[in-house]
Amino acid sequence: MKLATWNVNSLGVRLPQVLDWLAAQAADGAPVDVLALQELKLTDDKFPFDAFTAAGYHAVSFGQKTYNGVALLSRTPAQVVMRNIPNFEDEQARVLCATIDGIRVIGAYVPNGQAPDSDKFAYKMRWLTALHTWVAAELRQHEQLVLMGDFNITFDDADVWDAEGLRDTIHCTPQERAHLQALTDLGLHDALRLFPQPPKTYTWWDYRDLAFRRNRGLRIDHLLISEVLKSRARTCQVDRTPRKNERPSDHTPVVLTLHPTDVTLT
DNA sequence: ATGCCTCAGCTCCTGAGA
């Protein structure tokens, strides 16, 4: 079983790349079972359901014009779907949650926050507090849970190409990292770091200044998995290949592979 | 460095992203 997250920065622009990537994964012999997409920048009436159906995927979309918007693609249908965080008023479409193959899947697009002294940063903090409360409740009901998406937060300096130069800037502040830590304190594990990774592993690179070629990036896209899913985890990797495409998203996918349930070790 | 790209939209500039 394979789960992935990808901020596509406009599904309208990136749809062919998403389809190509899914096809390439399947051609490698291990198709993606669940893909969480962020930053669709599309309303649901413009969501390309037909294209994903033809590719063998069920899709649930929670879209918005111009900004935000999230989707869950899956080879088996999504059940018990929820949109956004319960009991948190939010005009922005940032969260989709569903049960897929017995796993509670939460796809999230955490607010960017712009700058630490901005109103948008305050919104990011409130949003993350609400997310924490809700995920804690979901975890009590679902032992197999993954929270994946664009968190817009680095765990620590190893996730930052220039930790000194970017100290206390957006994505790197202690306040943001405390929220990420609070999520892992619920018993969620940073899936990528369960496995050895190449040094300077990032998931986002600025479009400007040849940042990708220079590997000047940040690791801000994450899969956080519950204890039971951790026991099923087989590999977790950043796939940089789509970032080399023409007109790429500035983010690239992160992929988690799980052992089948019947070979789970405890 | 008030810069660099890219995207969407009340589109030939602006706001936002990260």
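By convention in this document, chain letters (A, B, ...) are assigned in the order of the sequence lines, proteins followed by strands, and residues within each chain are numbered from 1. Note that these values count all heavy atoms, side chains included, but never hydrogens, waters or copies made by symmetry.
- Here the separation of B:dG9 from B:dC4, taken at their P atoms, is 22 Å to the nearest Å.
- In this entry the distance linking CZ of A:Arg208 with P of B:dC7 reads 14 Å, nearest Å.
- Under the 3.5 Å distance criterion, with hydrogens and angles disregarded, a donor-acceptor pair is assigned to the side chains of A:Thr5 and A:Gln38.
- Between A:Lys120 and B:dA16 there is a side-chain N or O to OP1 or OP2 distance below 4.0 Å.
- Taking the ring centre of A:Tyr202 as origin, the terminal cationic atom of A:Arg219 falls outside the region bounded by 6.0 Å and 45° from the ring axis.
- Nucleotides B:dA16 and B:dT2, compared at atom C1', are 16 Å apart to the nearest Å.
- If you take atom P in B:dG15 and the same atom in B:dA1, they sit 23 Å apart, rounded to whole Å.
- Rounded to a whole angstrom, the distance from the C1' atom of B:dT11 to that of B:dT6 is 15 Å.
- Between B:dC10 and B:dC5, the distance separating the two C1' atoms is 24 Å to the nearest Å.
- Residue side chain A:Asn112 reaches the base of B:dA18 through a donor-acceptor N/O pair under 3.5 Å, judged by distance alone.
- Of the possible polar contacts, none joining the A:Gln25 side chain to the A:Asp33 backbone as a donor-acceptor pair under 3.5 Å is found.
- A straight line from CG of A:Asp250 to P of B:dG17 spans 12 Å, rounded to a whole angstrom.
- Salt bridge status for A:Asp209 with A:Arg214: present, with a side-chain N to carboxylate O gap under 4.0 Å.
- As rounded to the nearest Å, B:dC7 and B:dA18 have P atoms that lie 14 Å from one another.
- Applying the 4.0 Å criterion to OP1 and OP2 of B:dC7, one finds that A:Arg247 has a side-chain N or O inside that range.
- Listed pair A:Tyr109 / B:dA18 meets the phosphate criterion, a side-chain N or O lying under 4.0 Å from OP1 or OP2.
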